[in-house]
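Remarks on the structure that follows.
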Amino acid sequence: MADFQEVSYNSPIEGEISENAGNAHEEDGEELTTLDEPVKDTVLRDLKAVAQKFSHIVYPRKNSVLLRDWDLWGPLILCVIMAFLLQGVKDEKTGGGGPQFAQVFVVVWVGAGIVTLNSQLLGGHISFFQSVCVLGYCMFPLVVAMVFCWTVVKLISHQTAILVVLRLIFTSVGYGWSIFASLTFLGDSQPVGRKALAVYPICLFYFILAWMVATYS
Amino acid sequence: MDTDDTVLEFGSEHQPKMKKTIIHPIACFFHLIFRVSALVVYIFCGWSDAGFVTSFIIILLLLSADFWTVKNVTGRLLVGLRWWNKVAEGGESAWVFESRKPASLKKHPVYKAESMIFWLGLILPPVLWFLMLFSALFGFNFHWLAVVVVALILNGANLFGYVRCKFKSRGQIGSLATKYIGAQLFKSMQSSEGSEGAKPSSTTF
């Protein structure tokens, strides 16, 4: 998909050529536009944005610029991993199975949507997709915990007390981390008096996910 | 007579070129490949005994790849339109519907064939998914309904975004045209009032 940028030859070539190419839009009278950007730049920019968001979840710190350009790639990837790892488990003895793939999917997206709706109704100044984006990306610690649990279960095939304890520890660490990360990003967007009302559903949302991770993985 | 000429010139300048050329074959390919294969996989998996989860994941990944490609790449390459979301400082989100300005449209013209491929590829898949919606709904296939709903959301968002881009741009060009025609009419009236034998070429550019 090579889209070569056209450099206008109206002006005599002088100075740095790369700069001229970058300014080609402005000569057209278009201010900040990305219509003529090479495809490689578009891909790299989005990949970089996704990677940066993951790094901000691993080490939560406030960044309003990062919060502003939302994307749903991270939530999608995490949701697929989660649903995929959870659905395969079937408990032969009790007859009860894990949640279905589609169910996990619906829980994650509808859950994130409802939590966001709640925070909007409370008067939080954050846009719908921003909030869904943050809630989705903050599933990352839980997904990591689930991968750990999954590996441990695969390594130790029979149920033991240590296994249960290990799973609980992994999950609660992941749960705490998810809550902490999401509150770091979303905490400021709520009016001061109603913070608890907005935080409670977030905790509940991650609790349901953590419960699924702890019990079914 | 004079104004008629200039108006025609103005219109033809910004119309899609009638040449049947495709200068972005790769963009055309990627515009169609993901959405068509998502539909094919859906239809194929409905008939065969392929696992639900596997086909769900495949269709979902194809659809999201298509969403990204159409939204970010093929739209601006093939028809010079783009839409995106911008979030302001206070958390208000604004949707930006962008189209090429006449100046850069001259440099990157929209070709008829490419525009046809783009719009047909944009409109037909959501229509087909909509039909699938009914077949899944009345067949009580609620698992597959989830797939169809995701497909409709992703394909529909792109369709909506580009239709908004198109109408906004058409409105802009329309208002520009009326402004221009108005100015030309005013000019020609002035010139005809001032000097009866004014050269018509003075108002054309």
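Every chain is numbered from 1 and lettered A, B, ... according to where its sequence line falls, protein lines coming before strand lines.
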Requested in this report: Heavy atoms only, distances under 4.5 angstrom: which of B:Val150, B:Val147, B:Ile57, B:Val96 has the most pairs with chain A? Name it, please.
Outcome: B:Ile57
Query - B:Phe160 atom CZ, over 12 foreign heavy atoms within 6.0 Å - result: no
Query raised in the report: With under 30° as parallel and over 60° as perpendicular, where do the rings of B:Phe138 and B:Phe134 fit, or are they tilted in between?
Result: parallel
Query raised in the report: Stepwise, does the side chain to side chain donor-acceptor pair (under 3.5 Å) test hold for A:Asp71 with A:Tyr137?
Result: CA-CA 10 Å; A:Asp71 68 74; A:Tyr137 269 100; 2.7 Å; yes
Report summary line: Residue from A:Val43, A:Val106, A:Ile77 scoring the most non-hydrogen pairs under 4.5 Å with chain B is A:Val43
Query raised in the report: Which atoms of A:Trp70 come close to chain B, meaning under 4.5 Å heavy atom to heavy atom: side chain ones, backbone ones, both, or neither?
Result: side chain
Query - Residue part contacting chain A, namely of B:Ala65, when any heavy atom lies under 4.5 Å - result: backbone
Query raised in the report: Mind checking whether A:Phe129 and B:Trp95 have parallel, tilted or perpendicular rings, split at 30° and 60°?
Result: perpendicular
